[in-house]
Amino acid sequence: MSRQAYSVEMPQMWQSPVVIASPHSGSNYLKTFVSQSVLDAKRLRSSEDAFVDQLFAVAPEFGMPMLTAQMPRAFVDLNRSSGELDPALIEGVRRRGQNPRVASGLGVIPRVVSNGRSIYRGKISMAEAQARIDQYWTPYHAALQQLLDASHARFGETILVDCHSMPHEAVEGVSPKRALRPEIVLGDRFGAAADGWIVDEIEAAFAEAGFRVARNAPFAGAYITQTYGRPARRQHAIQVEIDRSLYMDETDITPNAQFATVKAQLTRALSRVAILGSDRKPMAAE
């Protein structure tokens, strides 16, 4: 387990307080991990936010740093608390209060992937679980906080845009009319994680780029949004979920014919999101 936990792409000129992050698009599947699973590599990828890092990769060109996880969500979930340990998977974990995420197998070390398919034949050791947290979860979150602190120091505030993708089936029940189903869902913990004007601007950016946008349903933001969204400290966090069916074949986990078009739309949206910090003096990235 020696692979790098994350990568950071810094802009040549750091011009915006916005930080872009992709915690679930990691695709480095260790052979030892695949071999201990009852699933093949493709099924393990079903919970991955595949290609989200590529869709948002243009962010540094607009003066925004981008943080990307390297390890897959099925291996360690960076959008969970490090304390969300599953007693049904990890040896020696005591059963405590009912946490619905952990109970469903979606703790920091997931027990299942999409559609509730079990990853492992049996349990894993506490030592293995802790090693994943120490080597991948902790460095990613340290890097994220460091970027947010540096952004705040430069611009007086910081805005985390946490990028994800959602299965198409997740939005099928949101609206009874197909044409009205959202293509992007913004999560701000119902206003607790970011100032309203910031979310308004981000929503307008995606809408003007041609997306149907909704807020907080079916996803309001998870651990990252809840933890890093501190509007009173001028540290804001917004989760962005994009419908996977727009840009990829969800069964084969391959880009579809619309991938380039969707990426161009997102590029237009990011160009406006970056302007949230346009009144601040640009500074050369260190």
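Values reported hereafter were calculated over all heavy atoms of this structure, with side chains retained and with hydrogens, waters and symmetry mates removed.
- For the pair Arg95 and Asp86, the salt-bridge criterion is not met [side-chain N within less than 4.0 Å of a carboxylate O].
- Under 4.0 Å is where a charged nitrogen must lie from a carboxylate oxygen, and between Glu201 and Arg272 at least one such pair does.
- Side chain of Ser151 to main chain of Leu147: no donor-acceptor pair is present (N/O by atom type, distance under 3.5 Å, no hydrogens or angles).
- Minimum heavy-atom separation, Lys123 to Glu91: CB-CG, 3.8 Å.
- Interatomic distance, CD1 of Ile119 versus CZ of Arg43, reported as 13.5 Å (0.5 Å rounding).
- Using a cut-off of 4.0 Å between Lys/Arg side-chain N and Asp/Glu carboxylate O, Arg268 and Glu208 are scored as not salt-bridged.
- The side-chain heavy atoms of Arg215 and Val199, taken from C-beta on, include a pair separated by under 4.5 Å.
- Here the side chains of Thr68 and Ser25 are in contact, with some heavy-atom distance below 4.5 Å.
- Between the side chain of Lys263 and the main chain of Ala57, no donor-acceptor pair closer than 3.5 Å is present.
- A donor-acceptor distance shorter than 3.5 angstrom exists from the side chain of Asp249 to the backbone of Asp252, with no hydrogens or angles considered.
- With a 6.0 Å cutoff to the six-membered ring centre and a 45° limit on the axis angle, Arg132 counts as a cation-pi contact of Phe75.
- The shortest heavy-atom contact between Val38 and Arg121 is CG1-CG, 3.1 Å.
- Under the 4.5 Å side-chain criterion, counting only non-hydrogen atoms from C-beta, Ile159 is in contact with Ile198.
- Listed here is the closest heavy atom pair of Ala222 and Asn79: CB-ND2, 3.3 Å.
- In this structure, Asp195 does not pair ionically with Arg234, as no charged nitrogen and carboxylate oxygen lie closer than 4.0 Å.
- The only option from Glu169, Glu250, Gln258, His168 that meets the side chain to side chain donor-acceptor pair (under 3.5 Å) definition with Ser245 turns out to be His168.
- The structure places CG of Asp243 at 9.0 Å from OG of Ser165, a figure rounded to the nearest 0.5 Å.
- The CG atom of Asp40 sits 11.0 Å away from the OH atom of Tyr29 when rounded to the nearest 0.5 Å.
- Tracing side-chain contacts under 4.5 Å through hydrophobic residues (I, L, V, M, F, W, Y), one never reaches Leu106 starting from Ile133; they form parts of separate clusters.
- Donor-acceptor pairing under 3.5 Å is lacking for the side chains of Ser104 and Arg111.
- Taking the six-membered ring for Trp, Tyr223 and His141 have ring centres closer than 6.0 Å.
- Closest heavy-atom contact between Tyr120 and Ala74: OH-O, 4.2 Å.
- In terms of heavy-atom proximity, Phe155 sits nearest to Ser16 at CE1-O, 3.2 Å.
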>> side chain to side chain contact (heavy atoms under 4.5 Å, CB included) for Val185 and Asn216? Distances and angles first, verdict last.
In response: CA-CA 7 Å; Val185 176; Asn216 293 311; over 6 Å; no
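- In this structure, CD1 on Ile242 lies 4.5 Å from CG on Leu266, to the nearest 0.5 angstrom.
- Taking a cutoff of 4.0 Å between a charged side-chain nitrogen and a carboxylate oxygen, Glu48 and Arg73 do not qualify as a salt bridge.
- By the neighbour-count criterion of 12 heavy atoms within 6.0 Å, atom CD of Gln145 is densely surrounded, having more than that number from other residues, nucleotides or ligands.
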> Please walk me through it: do Ile124 and Leu89 pass side chain to side chain contact (heavy atoms under 4.5 Å, CB included)?
Replying inline: CA-CA 6 Å; Ile124 66 172; Leu89 173 64; 4.2 Å; yes
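- Side-chain contact between Val18 and Leu160 is absent, with no heavy atoms from C-beta onward closer than 4.5 Å.
- Atom CE of Met10 is separated from atom CE of Met66 by 13.0 Å, given to the nearest 0.5 angstrom.
- Between the side chain of Ser47 and the backbone N or O of Ser114 there is no donor-acceptor pair closer than 3.5 Å.
- Within the 3.5 Å criterion, the main-chain N or O of Leu186 finds no donor-acceptor partner in the side chain of Glu241.
- Taking 4.5 Å as the limit, some side-chain heavy atom of Pro65 sits within range of a side-chain heavy atom of Pro11.
- At least one donor-acceptor pair under 3.5 Å links the side chain of Arg230 to the backbone N or O of Gln226.
- Ser46 and Arg117 make their closest contact through OG-NH2, 3.1 Å (heavy atoms, listed as atom of the first residue, atom of the second, distance).
- A donor-acceptor contact closer than 3.5 angstrom is absent between the side chains of Gln265 and Tyr247.
- The shortest side-chain heavy-atom distance between Asp77 and His24 falls under the 4.5 Å cut-off.
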> Can Phe62 and Thr267 be said to form a side chain to side chain contact (heavy atoms under 4.5 Å, CB included), step by step?
Replying inline: CA-CA 9 Å; Phe62 295 113; Thr267 297; 3.9 Å; yes
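- Looking only at atom types and distance, the side chain of Thr225 has no donor-acceptor partner in the side chain of Arg189 under 3.5 Å away.
- Using modelled atom types, no side-chain atom of Trp137 and backbone atom of Ser81 make a donor-acceptor pair closer than 3.5 Å.
- No side-chain heavy atom of Val34 sits less than 4.5 Å from a side-chain heavy atom of Leu39.
- Considering OG of Ser27 and CD1 of Ile253, their distance stands at 10.5 Å, rounded to 0.5 Å.
- The closest side-chain heavy-atom distance from Ile224 to Pro23 is below 4.5 Å.
- Remark: the backbone N or O of His152 is not paired with any side-chain donor or acceptor of Asp149 at under 3.5 angstrom.
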> Given the rule in the side chain to side chain contact (heavy atoms under 4.5 Å, CB included) test, do Ile20 and Leu67 qualify, once you have shown the distances and angles that lead to the verdict?
Replying inline: CA-CA 6 Å; Ile20 305 294; Leu67 172 67; over 6 Å; no
